[in-house]
Protein chains: 2
Amino acid sequence: MTAKLAIDLDRSSPVPLYFQVAEQISEAIRSGDLPPGSRLDNEIMLADRLGLSRPTIRQAIQYLVDKGLLVRKRGVGTQVVHGQVKRSVELTSLYDDLRRAGQEPVTRVLALEAVPAQEEVAAVLGLEPGAEVLRMERIRYAAGEPLALLHNWLPAGLAPLTAENLSERGLYELLRSAGVRMRVANQRIGARAATAVEARLLDERRGAPLLTMVRTAYDDQGRAVEHGSHIYRASHYSLEVTLIER
Amino acid sequence: MTAKLAIDLDRSSPVPLYFQVAEQISEAIRSGDLPPGSRLDNEIMLADRLGLSRPTIRQAIQYLVDKGLLVRKRGVGTQVVHGQVKRSVELTSLYDDLRRAGQEPVTRVLALEAVPAQEEVAAVLGLEPGAEVLRMERIRYAAGEPLALLHNWLPAGLAPLTAENLSERGLYELLRSAGVRMRVANQRIGARAATAVEARLLDERRGAPLLTMVRTAYDDQGRAVEHGSHIYRASHYSLEVTLIER
DNA sequence: GTGGCACGTTTGTCATGACATTCTGATGTC
DNA sequence: GACATCAGAATGTCATGACAAACGTGCCAC
(Lines give C-alpha, C1' and ligand atoms only; values in the text may rest on other atoms or scores of the structure.)
Protein backbone atom coordinates (compact mmCIF):
# COMPACT_ATOMS: atom_id res chain seq x y z
CA MET A 1 0.00 0.00 0.00
CA THR A 2 3.01 2.27 0.24
CA ALA A 3 2.85 4.69 -2.61
CA LYS A 4 5.95 5.80 -4.44
CA LEU A 5 5.41 9.39 -5.30
CA ALA A 6 7.86 11.49 -7.20
CA ILE A 7 8.91 14.68 -5.48
CA ASP A 8 11.15 17.23 -7.12
CA LEU A 9 13.12 19.52 -4.89
CA ASP A 10 14.64 22.81 -5.87
CA ARG A 11 17.28 23.68 -3.34
CA SER A 12 18.05 26.98 -5.00
CA SER A 13 14.47 28.13 -4.57
CA PRO A 14 13.65 30.47 -1.71
CA VAL A 15 10.63 28.26 -0.98
CA PRO A 16 11.45 26.17 2.11
CA LEU A 17 12.11 22.52 1.44
CA TYR A 18 9.49 21.33 3.88
CA PHE A 19 6.94 23.44 2.05
CA GLN A 20 7.95 22.04 -1.33
CA VAL A 21 7.46 18.55 0.03
CA ALA A 22 4.13 19.41 1.62
CA GLU A 23 2.83 21.03 -1.55
CA GLN A 24 3.71 18.07 -3.70
CA ILE A 25 2.21 15.53 -1.32
CA SER A 26 -0.88 17.70 -1.15
CA GLU A 27 -1.03 17.79 -4.94
CA ALA A 28 -0.65 14.01 -5.12
CA ILE A 29 -3.62 13.66 -2.79
CA ARG A 30 -5.71 16.08 -4.77
CA SER A 31 -4.87 14.39 -8.05
CA GLY A 32 -5.66 10.94 -6.72
CA ASP A 33 -2.14 9.58 -6.89
CA LEU A 34 -2.43 9.14 -3.17
CA PRO A 35 -5.94 7.76 -2.66
CA PRO A 36 -7.66 8.06 0.73
CA GLY A 37 -6.40 5.46 3.15
CA SER A 38 -3.08 4.88 1.40
CA ARG A 39 -0.02 4.88 3.58
CA LEU A 40 2.98 7.09 3.05
CA ASP A 41 6.45 5.66 3.35
CA ASN A 42 7.75 6.03 6.84
CA GLU A 43 9.57 9.18 7.74
CA ILE A 44 13.02 7.67 7.76
CA MET A 45 12.64 6.20 4.30
CA LEU A 46 11.12 9.37 2.91
CA ALA A 47 13.95 11.44 4.31
CA ASP A 48 16.45 9.04 2.88
CA ARG A 49 14.91 8.94 -0.56
CA LEU A 50 14.63 12.69 -0.86
CA GLY A 51 18.00 13.39 0.63
CA LEU A 52 16.46 15.37 3.48
CA SER A 53 16.61 15.03 7.23
CA ARG A 54 13.81 13.57 9.27
CA PRO A 55 12.82 16.86 10.97
CA THR A 56 12.25 18.42 7.56
CA ILE A 57 10.04 15.54 6.49
CA ARG A 58 8.21 15.69 9.80
CA GLN A 59 7.60 19.41 9.37
CA ALA A 60 6.10 18.81 5.95
CA ILE A 61 3.87 16.03 7.22
CA GLN A 62 2.87 18.01 10.30
CA TYR A 63 1.81 20.88 8.08
CA LEU A 64 -0.56 18.59 6.19
CA VAL A 65 -1.82 16.96 9.38
CA ASP A 66 -2.72 20.41 10.68
CA LYS A 67 -4.61 21.06 7.48
CA GLY A 68 -6.51 17.82 7.97
CA LEU A 69 -5.15 16.02 4.92
CA LEU A 70 -3.08 13.38 6.69
CA VAL A 71 -3.37 11.32 9.84
CA ARG A 72 -0.44 9.99 11.83
CA LYS A 73 -0.57 7.00 14.12
CA ARG A 74 2.32 5.99 16.25
CA GLY A 75 3.56 2.54 15.50
CA VAL A 76 1.50 2.43 12.33
CA GLY A 77 2.43 5.18 9.94
CA THR A 78 0.95 8.13 8.14
CA GLN A 79 -2.18 7.80 6.06
CA VAL A 80 -4.30 9.95 3.82
CA VAL A 81 -7.59 10.66 5.57
CA HIS A 82 -10.62 8.81 4.32
CA GLY A 83 -13.21 11.50 4.47
CA GLN A 84 -13.13 14.25 1.92
CA VAL A 85 -12.10 17.43 3.59
CA LYS A 86 -13.48 20.73 2.55
CA ARG A 87 -10.74 23.23 2.97
CA SER A 88 -12.45 26.39 3.98
CA VAL A 89 -10.54 26.97 7.16
CA GLU A 90 -8.83 29.92 5.60
CA LEU A 91 -9.54 33.52 6.19
CA THR A 92 -11.48 34.43 3.10
CA SER A 93 -14.11 36.88 2.17
CA LEU A 94 -17.38 36.20 0.48
CA TYR A 95 -15.90 37.58 -2.72
CA ASP A 96 -13.06 35.06 -2.75
CA ASP A 97 -15.44 32.22 -2.03
CA LEU A 98 -17.73 33.14 -4.87
CA ARG A 99 -14.87 33.55 -7.30
CA ARG A 100 -13.53 30.15 -6.42
CA ALA A 101 -16.96 28.63 -6.87
CA GLY A 102 -16.87 29.90 -10.44
CA GLN A 103 -19.36 32.67 -9.88
CA GLU A 104 -18.80 36.17 -11.04
CA PRO A 105 -19.63 38.34 -8.09
CA VAL A 106 -20.69 41.92 -8.64
CA THR A 107 -20.49 44.57 -5.99
CA ARG A 108 -22.46 47.76 -5.71
CA VAL A 109 -21.06 50.30 -3.30
CA LEU A 110 -23.85 52.07 -1.46
CA ALA A 111 -21.70 54.12 0.87
CA LEU A 112 -18.02 54.79 1.45
CA GLU A 113 -17.10 57.56 3.83
CA ALA A 114 -14.81 58.57 6.63
CA VAL A 115 -16.74 59.09 9.84
CA PRO A 116 -15.93 59.43 13.54
CA ALA A 117 -16.19 56.05 15.19
CA GLN A 118 -19.22 55.45 17.33
CA GLU A 119 -18.60 54.02 20.73
CA GLU A 120 -19.35 50.41 19.89
CA VAL A 121 -17.29 50.39 16.72
CA ALA A 122 -14.38 52.12 18.43
CA ALA A 123 -14.45 49.50 21.16
CA VAL A 124 -14.20 46.48 18.88
CA LEU A 125 -11.54 48.15 16.72
CA GLY A 126 -9.56 49.21 19.75
CA LEU A 127 -9.67 52.91 18.88
CA GLU A 128 -10.58 56.05 20.79
CA PRO A 129 -14.25 56.94 20.44
CA GLY A 130 -14.50 59.58 17.76
CA ALA A 131 -11.37 58.45 15.91
CA GLU A 132 -11.77 58.46 12.19
CA VAL A 133 -12.91 55.22 10.62
CA LEU A 134 -13.87 54.21 7.12
CA ARG A 135 -17.45 53.07 6.91
CA MET A 136 -18.71 51.23 3.87
CA GLU A 137 -21.88 49.59 2.80
CA ARG A 138 -22.06 47.26 -0.15
CA ILE A 139 -24.43 44.89 -1.85
CA ARG A 140 -22.98 41.74 -3.32
CA TYR A 141 -24.68 40.09 -6.28
CA ALA A 142 -24.09 36.64 -7.72
CA ALA A 143 -25.72 35.26 -10.82
CA GLY A 144 -27.59 38.51 -11.19
CA GLU A 145 -29.32 38.20 -7.85
CA PRO A 146 -28.60 40.12 -4.65
CA LEU A 147 -26.93 37.87 -2.15
CA ALA A 148 -25.73 39.88 0.78
CA LEU A 149 -25.69 43.28 2.40
CA LEU A 150 -22.24 44.07 3.71
CA HIS A 151 -21.47 46.69 6.30
CA ASN A 152 -17.86 47.35 7.29
CA TRP A 153 -15.77 49.62 9.48
CA LEU A 154 -12.00 49.95 9.14
CA PRO A 155 -9.40 52.09 10.89
CA ALA A 156 -8.64 55.08 8.65
CA GLY A 157 -5.57 55.02 6.44
CA LEU A 158 -5.20 51.26 6.34
CA ALA A 159 -5.49 50.90 2.59
CA PRO A 160 -6.39 53.12 -0.35
CA LEU A 161 -9.99 52.13 -0.91
CA THR A 162 -12.22 53.72 -3.50
CA ALA A 163 -15.66 52.91 -4.78
CA GLU A 164 -14.01 51.87 -8.04
CA ASN A 165 -11.65 49.24 -6.74
CA LEU A 166 -14.23 48.00 -4.25
CA SER A 167 -16.54 47.38 -7.17
CA GLU A 168 -14.00 45.23 -8.89
CA ARG A 169 -12.28 43.37 -6.13
CA GLY A 170 -13.05 41.95 -2.70
CA LEU A 171 -12.22 43.84 0.46
CA TYR A 172 -9.89 41.15 1.77
CA GLU A 173 -8.05 40.99 -1.51
CA LEU A 174 -7.54 44.76 -1.44
CA LEU A 175 -6.36 44.70 2.15
CA ARG A 176 -3.93 41.91 1.46
CA SER A 177 -2.40 43.67 -1.51
CA ALA A 178 -2.02 46.78 0.63
CA GLY A 179 0.23 44.75 2.92
CA VAL A 180 -2.29 44.06 5.66
CA ARG A 181 -1.72 40.58 7.03
CA MET A 182 -4.84 39.24 8.68
CA ARG A 183 -4.30 36.38 11.07
CA VAL A 184 -7.21 35.89 13.42
CA ALA A 185 -10.90 36.49 13.01
CA ASN A 186 -13.82 36.12 15.37
CA GLN A 187 -17.16 35.43 13.78
CA ARG A 188 -20.54 35.34 15.37
CA ILE A 189 -23.18 33.78 13.21
CA GLY A 190 -26.87 34.12 13.81
CA ALA A 191 -30.16 34.53 12.06
CA ARG A 192 -33.07 36.91 12.12
CA ALA A 193 -36.00 38.11 10.09
CA ALA A 194 -35.54 40.76 7.41
CA THR A 195 -36.71 44.29 8.06
CA ALA A 196 -38.62 46.10 5.36
CA VAL A 197 -35.55 48.04 4.22
CA GLU A 198 -33.35 44.98 4.08
CA ALA A 199 -36.02 43.03 2.25
CA ARG A 200 -36.25 45.69 -0.43
CA LEU A 201 -32.49 45.80 -0.96
CA LEU A 202 -32.15 42.04 -1.11
CA ASP A 203 -35.25 41.30 -3.13
CA GLU A 204 -36.82 39.27 -0.36
CA ARG A 205 -40.06 39.54 1.53
CA ARG A 206 -40.23 41.26 4.87
CA GLY A 207 -39.71 38.68 7.61
CA ALA A 208 -37.70 36.38 5.36
CA PRO A 209 -34.95 34.52 7.25
CA LEU A 210 -31.52 36.10 6.98
CA LEU A 211 -28.15 34.76 8.03
CA THR A 212 -26.20 37.32 10.02
CA MET A 213 -22.48 37.41 10.57
CA VAL A 214 -20.52 39.80 12.73
CA ARG A 215 -16.82 39.50 12.20
CA THR A 216 -13.74 41.20 13.56
CA ALA A 217 -10.39 40.44 11.98
CA TYR A 218 -7.00 41.06 13.57
CA ASP A 219 -3.55 41.27 12.03
CA ASP A 220 -0.15 39.94 12.98
CA GLN A 221 0.09 42.17 16.00
CA GLY A 222 -3.40 41.55 17.23
CA ARG A 223 -4.61 44.95 16.06
CA ALA A 224 -8.14 44.99 14.73
CA VAL A 225 -8.12 45.74 11.01
CA GLU A 226 -11.70 45.17 10.05
CA HIS A 227 -15.10 44.93 11.62
CA GLY A 228 -18.07 43.84 9.60
CA SER A 229 -21.73 43.21 10.13
CA HIS A 230 -23.22 41.34 7.24
CA ILE A 231 -26.53 39.82 6.34
CA TYR A 232 -27.04 37.07 3.77
CA ARG A 233 -30.16 35.79 2.07
CA ALA A 234 -30.63 32.42 3.73
CA SER A 235 -32.45 31.16 0.67
CA HIS A 236 -29.35 31.70 -1.44
CA TYR A 237 -26.38 31.22 0.82
CA SER A 238 -24.95 29.18 3.64
CA LEU A 239 -21.62 29.25 5.40
CA GLU A 240 -19.21 26.37 5.55
CA VAL A 241 -16.74 25.86 8.35
CA THR A 242 -14.24 23.10 8.93
CA LEU A 243 -12.95 22.45 12.41
CA ILE A 244 -9.77 20.53 13.10
CA GLU A 245 -8.94 19.32 16.56
CA ARG A 246 -5.30 19.09 17.31
CA MET B 1 9.80 44.72 28.41
CA THR B 2 11.13 41.20 28.62
CA ALA B 3 9.17 39.35 31.24
CA LYS B 4 10.85 36.92 33.54
CA LEU B 5 8.36 34.20 34.09
CA ALA B 6 8.97 31.24 36.32
CA ILE B 7 8.52 27.88 34.66
CA ASP B 8 8.76 24.64 36.55
CA LEU B 9 9.61 21.52 34.66
CA ASP B 10 8.99 17.98 35.73
CA ARG B 11 11.22 15.73 33.73
CA SER B 12 9.82 12.61 35.33
CA SER B 13 6.32 13.47 34.18
CA PRO B 14 4.97 11.74 31.08
CA VAL B 15 3.74 15.16 29.90
CA PRO B 16 6.07 16.32 27.12
CA LEU B 17 8.41 19.12 28.08
CA TYR B 18 7.32 21.37 25.24
CA PHE B 19 3.76 21.02 26.45
CA GLN B 20 4.67 21.86 30.02
CA VAL B 21 6.35 25.01 28.79
CA ALA B 22 3.43 25.94 26.54
CA GLU B 23 0.90 25.39 29.32
CA GLN B 24 2.77 27.60 31.75
CA ILE B 25 3.28 30.39 29.26
CA SER B 26 -0.38 30.14 28.38
CA GLU B 27 -1.28 30.36 32.05
CA ALA B 28 0.95 33.41 32.50
CA ILE B 29 -0.88 35.10 29.65
CA ARG B 30 -4.26 34.24 31.08
CA SER B 31 -3.31 35.43 34.53
CA GLY B 32 -1.93 38.71 33.26
CA ASP B 33 1.69 38.06 34.19
CA LEU B 34 2.38 38.39 30.49
CA PRO B 35 0.25 41.33 29.39
CA PRO B 36 -0.68 41.79 25.73
CA GLY B 37 2.19 43.20 23.74
CA SER B 38 4.92 42.09 26.13
CA ARG B 39 7.89 40.38 24.62
CA LEU B 40 9.14 36.95 25.58
CA ASP B 41 12.83 36.35 26.02
CA ASN B 42 14.40 35.17 22.83
CA GLU B 43 14.44 31.47 22.14
CA ILE B 44 18.11 30.96 22.87
CA MET B 45 17.87 32.61 26.26
CA LEU B 46 14.71 30.77 27.17
CA ALA B 47 16.23 27.46 26.21
CA ASP B 48 19.31 28.29 28.23
CA ARG B 49 17.41 29.36 31.30
CA LEU B 50 15.17 26.31 31.34
CA GLY B 51 17.91 23.88 30.49
CA LEU B 52 16.14 22.84 27.30
CA SER B 53 17.16 22.83 23.67
CA ARG B 54 15.97 25.43 21.22
CA PRO B 55 13.76 23.06 19.18
CA THR B 56 11.82 22.20 22.32
CA ILE B 57 11.27 25.87 23.11
CA ARG B 58 10.31 26.51 19.51
CA GLN B 59 7.80 23.70 19.62
CA ALA B 60 6.19 25.17 22.72
CA ILE B 61 6.03 28.63 21.19
CA GLN B 62 4.76 27.29 17.88
CA TYR B 63 1.96 25.52 19.70
CA LEU B 64 0.82 28.82 21.20
CA VAL B 65 1.24 30.68 17.92
CA ASP B 66 -1.07 28.14 16.30
CA LYS B 67 -3.60 28.76 19.03
CA GLY B 68 -3.39 32.48 18.34
CA LEU B 69 -1.89 33.49 21.69
CA LEU B 70 1.54 34.55 20.50
CA VAL B 71 2.99 36.29 17.47
CA ARG B 72 6.51 35.78 16.18
CA LYS B 73 8.43 38.31 14.11
CA ARG B 74 11.82 37.62 12.69
CA GLY B 75 14.46 40.01 13.89
CA VAL B 76 12.09 41.29 16.57
CA GLY B 77 10.99 38.54 18.88
CA THR B 78 7.90 36.84 20.16
CA GLN B 79 5.05 38.88 21.60
CA VAL B 80 1.73 38.25 23.26
CA VAL B 81 -1.05 39.25 20.88
CA HIS B 82 -2.87 42.46 21.64
CA GLY B 83 -6.42 41.52 20.85
CA GLN B 84 -8.33 39.20 23.10
CA VAL B 85 -8.81 35.90 21.44
CA LYS B 86 -11.89 33.84 21.94
CA ARG B 87 -10.82 30.25 22.01
CA SER B 88 -13.70 28.35 20.58
CA VAL B 89 -11.87 26.61 17.80
CA GLU B 90 -12.33 23.34 19.51
CA LEU B 91 -14.64 20.57 18.53
CA THR B 92 -17.41 20.97 21.02
CA SER B 93 -21.07 20.23 21.17
CA LEU B 94 -23.84 22.57 22.13
CA TYR B 95 -24.04 20.79 25.47
CA ASP B 96 -20.40 21.53 26.31
CA ASP B 97 -20.79 25.13 25.27
CA LEU B 98 -23.80 25.65 27.48
CA ARG B 99 -22.19 23.98 30.45
CA ARG B 100 -19.15 26.18 30.11
CA ALA B 101 -21.34 29.25 29.91
CA GLY B 102 -22.71 28.32 33.30
CA GLN B 103 -26.06 27.19 32.02
CA GLU B 104 -27.66 23.94 33.02
CA PRO B 105 -28.77 22.32 29.81
CA VAL B 106 -31.59 19.82 29.87
CA THR B 107 -32.16 17.28 27.15
CA ARG B 108 -35.36 15.51 26.23
CA VAL B 109 -34.94 12.48 24.01
CA LEU B 110 -37.75 12.29 21.46
CA ALA B 111 -36.46 9.29 19.55
CA LEU B 112 -33.61 6.81 19.76
CA GLU B 113 -33.73 3.83 17.46
CA ALA B 114 -31.69 1.64 15.16
CA VAL B 115 -32.84 2.03 11.58
CA PRO B 116 -31.50 1.10 8.14
CA ALA B 117 -29.61 4.05 6.71
CA GLN B 118 -31.32 5.99 4.00
CA GLU B 119 -29.30 6.73 0.92
CA GLU B 120 -28.27 10.25 1.83
CA VAL B 121 -27.28 9.38 5.38
CA ALA B 122 -25.36 6.32 4.25
CA ALA B 123 -23.47 8.46 1.76
CA VAL B 124 -22.25 11.05 4.25
CA LEU B 125 -21.38 8.38 6.82
CA GLY B 126 -19.57 6.31 4.24
CA LEU B 127 -21.75 3.22 4.80
CA GLU B 128 -23.67 0.89 2.53
CA PRO B 129 -27.25 2.03 1.99
CA GLY B 130 -29.41 0.03 4.35
CA ALA B 131 -26.66 -0.50 6.92
CA GLU B 132 -27.85 -0.11 10.46
CA VAL B 133 -27.49 3.35 11.95
CA LEU B 134 -28.58 4.89 15.21
CA ARG B 135 -31.03 7.70 14.71
CA MET B 136 -31.82 10.10 17.49
CA GLU B 137 -33.86 13.18 17.94
CA ARG B 138 -33.52 15.43 20.94
CA ILE B 139 -34.65 18.77 22.23
CA ARG B 140 -32.18 20.83 24.19
CA TYR B 141 -33.43 23.28 26.80
CA ALA B 142 -31.53 26.03 28.56
CA ALA B 143 -32.87 28.20 31.33
CA GLY B 144 -36.17 26.40 31.02
CA GLU B 145 -36.67 27.36 27.41
CA PRO B 146 -36.35 25.17 24.33
CA LEU B 147 -33.23 26.12 22.41
CA ALA B 148 -32.59 23.60 19.72
CA LEU B 149 -33.94 20.57 17.92
CA LEU B 150 -31.16 18.06 17.36
CA HIS B 151 -31.26 15.26 14.85
CA ASN B 152 -28.35 12.81 14.65
CA TRP B 153 -27.28 9.67 12.83
CA LEU B 154 -24.40 7.48 13.96
CA PRO B 155 -22.94 4.22 12.70
CA ALA B 156 -24.32 1.39 14.82
CA GLY B 157 -22.26 0.01 17.67
CA LEU B 158 -20.05 3.04 18.12
CA ALA B 159 -20.95 3.71 21.71
CA PRO B 160 -23.49 2.42 24.22
CA LEU B 161 -26.11 5.15 24.04
CA THR B 162 -29.34 5.06 25.94
CA ALA B 163 -32.09 7.57 26.47
CA GLU B 164 -30.93 7.81 30.07
CA ASN B 165 -27.34 8.82 29.51
CA LEU B 166 -28.29 11.05 26.61
CA SER B 167 -30.56 12.93 28.98
CA GLU B 168 -27.76 13.59 31.38
CA ARG B 169 -24.75 14.16 29.19
CA GLY B 170 -23.89 15.56 25.78
CA LEU B 171 -23.46 13.34 22.76
CA TYR B 172 -19.85 14.38 22.19
CA GLU B 173 -18.99 13.76 25.80
CA LEU B 174 -20.46 10.26 25.59
CA LEU B 175 -18.64 9.51 22.38
CA ARG B 176 -15.36 10.71 23.78
CA SER B 177 -15.66 8.61 26.90
CA ALA B 178 -16.44 5.61 24.68
CA GLY B 179 -13.02 6.09 23.11
CA VAL B 180 -14.12 7.81 19.93
CA ARG B 181 -11.58 10.43 18.98
CA MET B 182 -13.09 13.07 16.77
CA ARG B 183 -10.64 15.13 14.76
CA VAL B 184 -12.30 16.89 11.86
CA ALA B 185 -15.77 18.28 11.40
CA ASN B 186 -17.47 19.93 8.49
CA GLN B 187 -20.25 22.32 9.32
CA ARG B 188 -22.68 24.01 7.01
CA ILE B 189 -24.55 26.83 8.64
CA GLY B 190 -27.65 28.37 7.20
CA ALA B 191 -30.99 29.80 8.14
CA ARG B 192 -34.61 29.23 7.25
CA ALA B 193 -38.11 29.81 8.48
CA ALA B 194 -39.69 27.49 11.01
CA THR B 195 -42.30 25.01 9.87
CA ALA B 196 -45.43 24.59 11.95
CA VAL B 197 -44.12 21.41 13.61
CA GLU B 198 -40.76 22.94 14.45
CA ALA B 199 -42.40 26.08 15.75
CA ARG B 200 -44.55 24.07 18.12
CA LEU B 201 -41.61 22.09 19.49
CA LEU B 202 -39.44 25.17 19.96
CA ASP B 203 -42.11 27.49 21.28
CA GLU B 204 -41.75 29.87 18.36
CA ARG B 205 -44.16 31.20 15.78
CA ARG B 206 -44.43 29.59 12.38
CA GLY B 207 -42.04 31.38 10.02
CA ALA B 208 -39.71 32.46 12.80
CA PRO B 209 -36.05 32.53 11.72
CA LEU B 210 -34.07 29.44 12.66
CA LEU B 211 -30.36 28.82 12.47
CA THR B 212 -29.57 25.51 10.80
CA MET B 213 -26.41 23.52 11.10
CA VAL B 214 -25.52 20.33 9.30
CA ARG B 215 -22.40 18.74 10.64
CA THR B 216 -20.41 15.63 9.90
CA ALA B 217 -17.59 14.67 12.23
CA TYR B 218 -14.73 12.32 11.40
CA ASP B 219 -12.32 10.47 13.65
CA ASP B 220 -8.61 9.84 13.59
CA GLN B 221 -8.85 7.64 10.54
CA GLY B 222 -11.14 9.89 8.61
CA ARG B 223 -14.14 7.65 9.23
CA ALA B 224 -17.41 9.46 9.75
CA VAL B 225 -18.60 9.02 13.31
CA GLU B 226 -21.52 11.39 13.49
CA HIS B 227 -23.88 13.22 11.22
CA GLY B 228 -26.23 15.80 12.59
CA SER B 229 -28.84 18.16 11.30
CA HIS B 230 -29.78 20.70 13.90
CA ILE B 231 -31.95 23.76 14.15
CA TYR B 232 -31.58 26.52 16.71
CA ARG B 233 -33.89 29.31 17.73
CA ALA B 234 -32.19 32.34 16.23
CA SER B 235 -33.75 34.53 18.89
CA HIS B 236 -31.94 32.61 21.61
CA TYR B 237 -28.70 31.39 20.12
CA SER B 238 -25.84 32.26 17.82
CA LEU B 239 -22.68 30.42 16.88
CA GLU B 240 -19.20 31.66 17.45
CA VAL B 241 -16.25 30.67 15.33
CA THR B 242 -12.62 31.73 15.49
CA LEU B 243 -10.41 31.38 12.44
CA ILE B 244 -6.64 31.41 12.58
CA GLU B 245 -4.59 31.81 9.45
CA ARG B 246 -1.19 30.24 9.47
C1' DG C 1 18.74 67.29 7.81
C1' DT C 2 17.88 63.28 5.26
C1' DG C 3 18.70 59.25 2.97
C1' DG C 4 21.22 54.99 2.45
C1' DC C 5 24.14 51.44 4.22
C1' DA C 6 26.14 48.31 7.60
C1' DC C 7 25.52 45.85 11.70
C1' DG C 8 23.53 43.20 15.48
C1' DT C 9 19.54 40.65 16.99
C1' DT C 10 16.11 37.24 16.47
C1' DT C 11 13.49 33.96 14.26
C1' DG C 12 13.40 30.55 10.08
C1' DT C 13 15.24 26.51 8.12
C1' DC C 14 17.81 22.30 7.96
C1' DA C 15 21.05 18.34 9.40
C1' DT C 16 22.30 14.47 12.62
C1' DG C 17 21.70 11.46 16.44
C1' DA C 18 19.44 9.25 20.24
C1' DC C 19 15.94 7.24 23.15
C1' DA C 20 10.83 6.65 24.41
C1' DT C 21 6.24 5.22 23.39
C1' DT C 22 2.77 2.82 21.07
C1' DC C 23 0.61 -0.19 17.85
C1' DT C 24 0.58 -4.56 15.11
C1' DG C 25 1.41 -9.12 14.37
C1' DA C 26 3.62 -13.34 15.37
C1' DT C 27 4.98 -16.63 18.66
C1' DG C 28 4.34 -19.58 22.45
C1' DT C 29 1.90 -21.52 26.35
C1' DC C 30 -2.03 -23.25 28.86
C1' DG D 1 -8.13 -22.95 20.26
C1' DA D 2 -7.76 -18.80 23.01
C1' DC D 3 -5.15 -15.77 25.53
C1' DA D 4 -0.87 -13.72 27.01
C1' DT D 5 3.74 -12.30 25.84
C1' DC D 6 7.34 -10.52 23.01
C1' DA D 7 9.66 -8.43 19.05
C1' DG D 8 9.57 -5.27 15.22
C1' DA D 9 8.18 -1.00 13.14
C1' DA D 10 6.76 3.52 13.15
C1' DT D 11 5.99 7.98 15.10
C1' DG D 12 6.85 11.13 19.42
C1' DT D 13 10.14 13.68 21.96
C1' DC D 14 14.46 15.92 22.79
C1' DA D 15 19.47 17.52 22.21
C1' DT D 16 23.16 19.96 19.50
C1' DG D 17 24.91 22.58 15.81
C1' DA D 18 24.94 25.55 11.87
C1' DC D 19 23.67 28.90 8.45
C1' DA D 20 20.06 32.05 6.21
C1' DA D 21 16.82 35.75 6.16
C1' DA D 22 14.51 39.62 7.93
C1' DC D 23 13.83 43.48 10.96
C1' DG D 24 15.28 47.61 13.56
C1' DT D 25 18.79 50.76 14.77
C1' DG D 26 22.49 53.64 14.51
C1' DC D 27 26.16 55.57 11.91
C1' DC D 28 27.87 57.98 8.10
C1' DA D 29 27.97 60.46 3.92
C1' DC D 30 25.92 63.74 1.02
Side-chain angles (χ1 to χ4, degrees), chain A residues 1-3 7 9-23 25 37-66 69-81 179 181 183 219-221 246, chain B residues 1-3 7 9-23 25 37-66 69-81 179 181 183 219-221 246:
Chain A
M1 189 62 91
T2 64
I7 292 185
L9 295 178
D10 179 2
R11 296 192 94 100
S12 68
S13 159
V15 178
L17 291 172
Y18 83 89
F19 196 77
Q20 294 185 35
V21 174
E23 283 280 287
I25 293 178
S38 60
R39 280 221 311 276
L40 262 64
D41 285 341
N42 72 55
E43 298 174 352
I44 314 268
M45 275 194 56
L46 266 176
D48 213 50
R49 233 183 46 220
L50 298 179
L52 295 172
S53 71
R54 194 176 154 217
T56 304
I57 296 293
R58 272 186 75 75
Q59 199 174 357
I61 292 178
Q62 188 60 46
Y63 179 80
L64 296 178
V65 169
D66 286 345
L69 286 174
L70 296 178
V71 170
R72 300 153 99 102
K73 276 184 107 176
R74 194 188 295 209
V76 178
T78 305
Q79 291 179 296
V80 180
V81 296
R181 284 179 296 189
R183 274 226 355 128
D219 73 354
D220 267 327
Q221 315 267 336
R246 200 174 311 277
Chain B
M1 187 64 93
T2 63
I7 292 184
L9 295 178
D10 178 3
R11 294 193 96 98
S12 67
S13 158
V15 178
L17 292 173
Y18 83 89
F19 195 78
Q20 293 185 37
V21 175
E23 283 280 286
I25 293 177
S38 60
R39 280 221 312 278
L40 262 64
D41 286 340
N42 71 55
E43 299 174 351
I44 314 268
M45 276 193 56
L46 266 176
D48 213 50
R49 233 184 44 220
L50 298 179
L52 296 173
S53 71
R54 195 178 153 215
T56 304
I57 296 293
R58 272 186 73 76
Q59 198 174 358
I61 293 177
Q62 187 61 46
Y63 178 80
L64 296 177
V65 170
D66 286 346
L69 285 174
L70 296 178
V71 170
R72 290 143 123 42
K73 274 183 109 176
R74 194 188 300 206
V76 179
T78 305
Q79 293 181 307
V80 180
V81 295
R181 286 179 295 190
R183 273 229 350 131
D219 73 355
D220 266 325
Q221 316 267 337
R246 195 177 313 277

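Throughout, a chain's letter reflects where its sequence line sits, starting with A, and its residues are numbered from 1.
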Closest non-hydrogen contact found for B:Ile61 with B:Arg72 is CG2-NH1, 3.0 Å
Return the set of residues passing side-chain hydrogen bond (donor to acceptor under 3.5 Å, both in side chains) with B:Ser13 (not counting sequence neighbours), or none when no residue passes. none
Taken to the nearest 0.5 Å, the spacing of B:Asp48 CG from B:Ser53 OG works out to 11.5 Å
Heavy-atom contacts, protein to nucleotides 8-18 of chain D, under 4.0 Å, summarised as B (base), S (sugar-phosphate only) or - (none) per nt, yield -BBBBBSBB-B
Quick one: list whatever passes side-chain hydrogen bond (donor to acceptor under 3.5 Å, both in side chains) with A:Arg74, sequence neighbours left out. none
The reported gap from CD in A:Glu43 to CG in A:Leu46 (rounded to nearest 0.5 angstrom) is 8.0 Å
